[in-house]
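A, B, ... follow the sequence lines: proteins, then strands. Residue 1 opens every chain.
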Amino acid sequence: MKTHLQSLITQALQRLRQDGVLAGIELPSIPLERARDRMHGDYASTIALMLAKAARRKPRELAEHIRSALPASEQIAKVDIAGPGFINFFLAPTAYQAVVGEILQRGDDFGRSTGGGGRRVQVEFVSANPTGPLHVGHGRGAAFGATVANLLEAAGYNVHREYYVNDAGRQMNILAASLWLRYLEHCGEKFRFPSNGYQGKYLREIAVRFYAEHGGAYAVSAQRIFQDLPLDEIRDAAGNVVTPGDKEAHIDALVERARTLLGDHRYRFLFELGLNTILDDIRDDLKEFGVVYDEWYSERTLAESGAVNKTLNRLRDAGYVYEQEGALWFRSSAFGDEKDRVVERENGQTTYFASDIAYHLEKFERGFDGVIDVWGADHHGYVPRVKAALQALGENPDRLDVLLVQFAILYRNGERVPMSTRSGEFVTLRELRGEVGNDAARFFYIMRKSEQHLDFDLDLAKSQSKDNPVYYIQYAHARVCSVLRQLCEKGLSRDESRGQAHLARLTESHEENLLVALSRYPEAVETAALNHEPHQLAHYLRELANAFHTYYNEHRVLVDDDALRDARLNLSLATRQVIKNGLTLLGVSAPEVM
RNA sequence: GCCCCGAUAGCUCAGAUGGAUAGAGCGCACCCCUCCUAAGGGUGAGGCCACAGGUUCGAAUCCUGUUCGGGGCACCA
């Protein structure tokens, strides 16, 4: 409809140009938007306001010219000039009634488009380190990333969903060492757990299972382990330093000690056990949350394939790497970053950043038309250096789009739920899902703009009332299903084609509002997709549900008049279909009974 | 100190490429089921769009500055 109107306007402008009214004026793309107010018709264009100056005419006068030059169309009931020079289009009732047939015919495909032209887009999201279970912060990234991916797919893109697994590097070694220490505690050894070790109780559980299978085969006395290690920094409960020390040096030395005392074989075994147990848990967690990936991309294979070294060499050849204080630096400041960054530490280990450069280069080389990263907002300082590296490697950094997601803050009984990663005292995604359910979690996570802090009201998410937007929308779906059951119980049947033949009977203002809302769905999906803003779809669905509830409250669907009843049933079924399609994109179920 | 993000109704938030009288939900005050699920609907009150300049036919939206929040500035990931 939009393109139809735009082409009518273009034809009118071309005619005016020939007539000399717009002689020699460059024609812009035609602005056309949904009228906010029904008084202003269905669509409005500001074209006359835009061209008024160049045409040296008053906007309203120009608008009149355009109106009279418009070709006739059956779709349009009337065209008004209003305000300073808006051209308002009022659609013929048949034009928006037609959407019912389109929805019923296309079914689950309604709202999907080919606008993306099958261009390949990669969406990388969550990518939490496999050092512990996902917490509620990761959950938001998961819901957001998964929905952005769904939306892009619906908009006609070929989407590749990917999780980058940080299974290499220092943090994983610290995890392996932490697991070993928990195991030793279980064996009865007494020592102080390192302050930089992973404190979470999940490691104890893995350690207990490990002990059950292997007994004391990995045991070493605490005394041998901690002998001559650099001192750890110890703090009291209030966070004050009790014993000064270097916790980084302490944990790095502890990792080395673990390697030598256990030997390579046994160390690897523990390392793999910790990694795989946690990664499996993350996989299950996400799967249960309705988040699926095409690929789990391993950082380790990236390093082992030599890609990291190759990338560093390329940077060096390009002249952007130098040595200083024993470390290798990338000259990111040459590309707008605040300062240069280390890619290889003094001790010879490449940094996480080095892997990330190689990973992003590899993404680009895989030939995606667009690459999207979903990151926690605390990583925003990281964006310039990754883009700098890509630029240094001769790639166009604009092909990478980094979407930042702010943290979610949980509220229970109006009080903030305390969380701190440091003490390992965080609410896991699994706990949240268990408490409020997948549907509410998925919806609440994407309800707000991603760069906005999210206040997650647990009580509201659990409540089964109109206050809860998830239930409100799902209930609209269930209500239509209920009407169909009632139809059955009354011994009536429905005739879809009879309904289609009598769509003109849908003349109530509530019905018009509902029809207009339904016809907006494809646009809602498209703008939500292109702007990477799932919340727009959530808001749309709430409005659609509201239009339906209002209608339902005012008029009966199951009337005695067969033609009217079938028309209304078709309208209701179309509404049900659109709600289902929208909820599916959000990863929320559309229940038939509530 | 430098950088990023935010500031819109009492609360939580929408307001795509600048457009008409700035919108929802909650909360508050009223009202609506002999009728398909009241798990619903309606009416009303409630606003110096943080502040000050600028850009133009027109600014919540764009630009500059100020104030107040949040985050980031590692040889951590």
Span that lies between the [atom1] atom of [M] and that of [N], in whole angstrom:
{"N": "B:G58", "M": "B:G18", "atom1": "P", "result": "16 Å"}
{"N": "B:C68", "M": "B:C32", "atom1": "C1'", "result": "45 Å"}
{"N": "B:G27", "M": "B:U12", "atom1": "P", "result": "15 Å"}
{"N": "B:C48", "M": "B:U8", "atom1": "C1'", "result": "12 Å"}
{"N": "B:A59", "M": "B:A14", "atom1": "P", "result": "24 Å"}
{"N": "B:G65", "M": "B:C57", "atom1": "P", "result": "25 Å"}
{"N": "B:U61", "M": "B:G71", "atom1": "P", "result": "27 Å"}
{"N": "B:U43", "M": "B:C5", "atom1": "C1'", "result": "39 Å"}

### Query
Counting only non-hydrogen atoms, which of residues 564-575 of chain A are less than 4.0 Å from RNA chain B?
none
### Message
Does atom CG (A:N347) have a neighbourhood of more than 12 heavy atoms from anything else shown, all under 6.0 Å?
### Response
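It does: A:N347 CG has more than 12 such atoms within range.
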### Task
Using a cut-off of 6.0 Å, state whether more than 12 heavy atoms not belonging to A:K58 lie near its atom NZ.
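At most 12 heavy atoms, drawn from other residues, nucleotides or ligands, come within 6.0 Å of this atom.
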Whole Å only: how far is the [atom1] atom of [X] from the [atom2] atom of [N]?
{"X": "A:L454", "N": "B:A14", "atom1": "CG", "atom2": "C1'", "answer": "15 Å"}
{"X": "A:N531", "N": "B:A16", "atom1": "CG", "atom2": "P", "answer": "9 Å"}
{"X": "A:M447", "N": "B:A14", "atom1": "CE", "atom2": "C1'", "answer": "12 Å"}
{"X": "A:H555", "N": "B:G42", "atom1": "NE2", "atom2": "P", "answer": "12 Å"}
{"X": "A:D337", "N": "B:C3", "atom1": "CG", "atom2": "C1'", "answer": "10 Å"}
{"X": "A:F407", "N": "B:G70", "atom1": "CZ", "atom2": "C1'", "answer": "11 Å"}
{"X": "A:H535", "N": "B:G25", "atom1": "NE2", "atom2": "P", "answer": "17 Å"}
{"X": "A:L460", "N": "B:U12", "atom1": "CG", "atom2": "C1'", "answer": "10 Å"}

If you check every side-chain atom of [X], which of [options] has the closest atom?
{"X": "A:H453", "options": "B:G70, B:C36, B:C5", "value": "B:G70"}
{"X": "A:L558", "options": "B:C36, B:U12, B:G19", "value": "B:C36"}
{"X": "A:H539", "options": "B:C13, B:G70, B:G41", "value": "B:C13"}
{"X": "A:V557", "options": "B:C36, B:U12, B:G19", "value": "B:C36"}
{"X": "A:R448", "options": "B:C13, B:G15, B:G41", "value": "B:C13"}

Can [X] and [Y] be counted as an ion pair, charged N to O under 4.0 angstrom?
{"X": "A:E338", "Y": "A:R385", "answer": "no"}
{"X": "A:E523", "Y": "A:R34", "answer": "yes"}
{"X": "A:K387", "Y": "A:D401", "answer": "no"}
{"X": "A:D252", "Y": "A:R170", "answer": "yes"}

Once you apply a heavy-atom cut-off of 4.0 Å, does [X] come out as touching a base, just sugar-phosphate, or nothing?
{"X": "A:H549", "answer": "sugar-phosphate"}
{"X": "A:K490", "answer": "nothing"}
{"X": "A:A44", "answer": "base"}
{"X": "A:S482", "answer": "base"}

### Query
How far apart are the closest heavy atoms of A:A538 and A:I473, and which atoms are they?
O-CD1, 4.3 Å
### Atom of A:V386, atom of A:W375 and distance for their closest heavy-atom approach
CG2-CH2, 4.0 Å
### Message
If the condition is side chain to side chain contact (heavy atoms under 4.5 Å, CB included), which residues does A:E543 pass it with, not counting sequence neighbours?
### Response
A:R520
### Task
Could you pull out all residues at least two apart from A:A176 that satisfy side chain to side chain contact (heavy atoms under 4.5 Å, CB included)?
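Testing A:A176 for side chain to side chain contact (heavy atoms under 4.5 Å, CB included), a comparison that skips the adjacent residues, returns A:Y267, A:F271.
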#### Entry: Selection residues 34-67 of chain A - residue pairs positive for ring-ring contact (aromatic ring centres under 6.0 Å, His included), sequence neighbours left out
none
### Query
Taking protein heavy atoms under 4.0 Å as touching, what does nucleotides 27-33 of chain B look like 5' to 3' if B marks base contact, S marks sugar-phosphate-only contact and - marks none?
S------
### Query
How does protein contact run along nucleotides 72-77 of chain B, one letter per nucleotide 5' to 3', with B for base contact, S for sugar-phosphate only, - for none, heavy atoms under 4.0 Å?
SSSBSB
### Task
Nearest-nucleotide wise, let me know which of A:P84 and A:A478 is further upstream toward the 5' end of RNA chain B.
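Here A:P84 is the residue nearer the 5' end.
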### Earlier contact from the 5' end, RNA chain B, for A:T46 and A:E543
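Nearest-nucleotide comparison on RNA chain B picks A:T46.
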### Query
Does A:R479 have a side-chain nitrogen or oxygen under 4.0 Å from the phosphate oxygens OP1 or OP2 of B:A38?
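Checking A:R479 against B:A38: at least one side-chain N or O falls below 4.0 Å of OP1 or OP2.
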### Message
Between A:Q452 and B:A14, is there a contact of a side-chain N or O with OP1 or OP2 at under 4.0 Å?
### Response
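Yes, A:Q452 has a side-chain N/O under 4.0 Å of OP1/OP2 on B:A14.
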### Message
Taking the six-membered ring for Trp, are A:Y521 and A:Y540 closer than 6.0 Å centroid to centroid?
### Response
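So the answer is yes for these two rings.
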### Task
Verify the ring-centre separation between A:H532 and A:F144: is it less than 6.0 angstrom?
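No, the ring centres sit 6.0 Å or more apart.
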### Query
Any idea how A:F548 and A:Y552 line up, ring-wise: parallel (<30°), tilted (30 to 60°), or perpendicular (>60°)?
tilted
### Ring geometry between A:F353 and A:F330 (parallel below 30°, tilted from 30 to 60°, perpendicular above 60°)
tilted
Any strand is fair game: report the nucleotide pairing with [N] by Watson-Crick or G-U wobble, both distances under 3.5 Å, or none.
{"N": "B:A52", "answer": "B:U64"}
{"N": "B:G47", "answer": "none"}
{"N": "B:G1", "answer": "B:C73"}
{"N": "B:U12", "answer": "B:A24"}

### Message
So is the aromatic ring of A:F86 stacked onto the base of B:A20, judging by whether the centres are under 5.5 Å apart and the planes are under 30° apart?
### Response
yes
### N-glycosidic conformation, B:C33 - syn within 90 degrees of 0, else anti
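This nucleotide is in syn.
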